[in-house]
Asks: 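Structure below; questions to follow.
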Amino acid sequence: QVQLVESGGGLVQAGGSLRLSCAASRSIFSINAMGWHRQVPGKQRELVATIGRRGVTDYADSVKDRFTISRDNAKNTVYLQMNSLKPEDTAAYYCHVDLGSVGDYWGQGTQVTVSS
């Protein structure tokens, strides 16, 4: 099992930046699939970015070239650097970990609000 705690959300003007952090309760060194998702009320949760154990990343088309996902295994933390934020990026952002047969785990979410 793993517990995930997100932080770093807030209110920012369009064009601004935020960095989200996801701190895990155990070592993430051996965890392959980690990522960030987001959800707007009334809509399905959508994948934003993922990062593998070797640092391979993947992004939703809507955030490519603006968001960067990274991981610091020494700190058991995954980050999401968000630049050039747009009002449509407003959502609750959730950290996600896939532990394979053990199951997958979610954080409690952190709200990001981008004003126009």
Side-chain angles (χ1 to χ4, degrees):
Q1 288 188 343
V2 61
Q3 293 181 332
L4 305 170
V5 178
E6 300 104 331
S7 61
L11 174 64
V12 64
Q13 287 189 333
S17 299
L18 285 174
R19 188 175 82 154
L20 305 183
S21 299
C22 171
S25 61
R26 49 155 281 186
S27 171
I28 66 170
F29 178 78
S30 62
I31 297 176
N32 188 31
M34 303 189 70
W36 289 92
H37 293 65
R38 65 187 182 187
Q39 188 169 24
V40 175
K43 293 190 176 181
Q44 285 191 331
R45 194 169 292 187
E46 65 171 354
L47 177 66
V48 175
T50 61
I51 185 166
R53 185 162 58 91
R54 292 182 173 84
V56 176
T57 59
D58 193 20
Y59 297 91
D61 287 343
S62 59
V63 307
K64 278 180 181 176
D65 301 323
R66 299 190 297 122
F67 291 10
T68 303
I69 188 171
S70 62
R71 60 193 289 168
D72 185 336
N73 291 339
K75 295 182 178 180
N76 299 330
T77 301
V78 176
Y79 302 98
L80 185 67
Q81 178 66 44
M82 305 185 295
N83 298 329
S84 302
L85 282 161
K86 304 175 181 180
E88 51 263 44
D89 294 318
T90 295
Y93 284 72
Y94 296 89
C95 182
H96 173 254
V97 167
D98 182 356
L99 297 183
S101 60
V102 177
D104 56 344
Y105 296 85
W106 297 88
Q108 83 287 353
T110 186
Q111 179 66 34
V112 171
T113 302
V114 184
S115 63
S116 57

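Note: hydrogens, waters and symmetry copies are ignored here, and every other heavy atom, side chains too, is used. Numbers here simply count residues along the sequence, with the first being 1.
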Asks: What's the separation between atom CE in Met34 and atom OG1 in Thr57, rounded to the nearest 0.5 Å?
Replies: 14.5 Å
Asks: To the nearest 0.5 Å, what is the distance between CG on Leu20 and OG1 on Thr77?
Replies: 12.5 Å
Asks: With the side chain counted from C-beta on, respond yes when Arg26 and Leu99 share a heavy-atom pair under 4.5 Å apart, and no when they do not.
Replies: yes
Asks: Decide, yes or no, whether a salt bridge links Lys64 with Asp61 under the criterion of side-chain N to carboxylate O below 4.0 Å.
Replies: yes
Asks: In the single-linkage hydrophobic clustering (I, L, V, M, F, W, Y; side-chain heavy atoms under 4.5 Å), do Val48 and Leu85 co-cluster?
Replies: yes
Asks: To the nearest 0.5 angstrom, please state how far the OG1 atom of Thr50 sits from the OH atom of Tyr59.
Replies: 8.5 Å
Asks: Which pair of non-hydrogen atoms, one from Val40 and one from Ala91, has the smallest distance, and what is that distance?
Replies: CG2-CB, 3.9 Å
Asks: Kindly indicate whether the side chain of Phe67, heavy atoms from C-beta on, has any atom under 4.5 Å from the side chain of Leu18.
Replies: no
Asks: Donor-acceptor pair, Tyr94 side chain versus Glu6 backbone, under 3.5 Å?
Replies: no
Asks: Taking atom CD of Glu46 as the centre, report whether more than 12 heavy atoms of other residues, nucleotides or ligands fall under 6.0 Å from it.
Replies: yes
Asks: How far does CD of Gln81 sit from CD1 of Ile69, to the nearest 0.5 angstrom?
Replies: 12.0 Å
Asks: Return the set of residues passing salt bridge (charged side-chain N to carboxylate O under 4.0 Å, His left out) with Asp65 (not counting sequence neighbours), or none when no residue passes.
Replies: none
Asks: Can you see which heavy atom on Phe29 is nearest to which on Arg71, and at what distance?
Replies: O-NH2, 4.2 Å
Asks: Check for a donor-acceptor pair, side chain of Thr90 on one end and backbone N or O of Val114 on the other, with a separation under 3.5 Å.
Replies: yes
Asks: Any side-chain heavy atom of Val63 sitting closer than 4.5 Å to one from Arg38?
Replies: yes
Asks: Is it true that Ile28 and Leu4 fall in one hydrophobic cluster, defined by side-chain heavy atoms closer than 4.5 Å?
Replies: yes
Asks: Would you name the heavy atoms of Val112 and Gly9 that are closest together and state the gap between them?
Replies: CG2-CA, 4.2 Å
Asks: Are Met82 and Arg66 close enough that some pair of their side-chain heavy atoms sits under 4.5 Å apart?
Replies: no
Asks: If every non-hydrogen atom of Pro87 is compared with every non-hydrogen atom of Ser116, which pair is closest and at what distance?
Replies: CG-CB, 3.9 Å
Asks: When rounded to the nearest 0.5 angstrom, what is the spacing between OG in Ser62 and CG in Asp89?
Replies: 7.0 Å
Asks: Would you check if the side chain of Asn32 reaches a backbone N or O of Gly52 as a donor-acceptor pair within less than 3.5 Å?
Replies: no
Asks: Hydrophobic clustering (ILVMFWY, side-chain heavy atoms < 4.5 Å, transitive) - are Val102 and Val97 grouped together?
Replies: yes
Asks: Contact between Cys95 and Trp36 at the side-chain level, heavy atoms closer than 4.5 Å - yes or no?
Replies: yes
Asks: Quick check for you: to the nearest 0.5 Å, what is the distance between Ser27 atom OG and Asn76 atom CG?
Replies: 5.0 Å
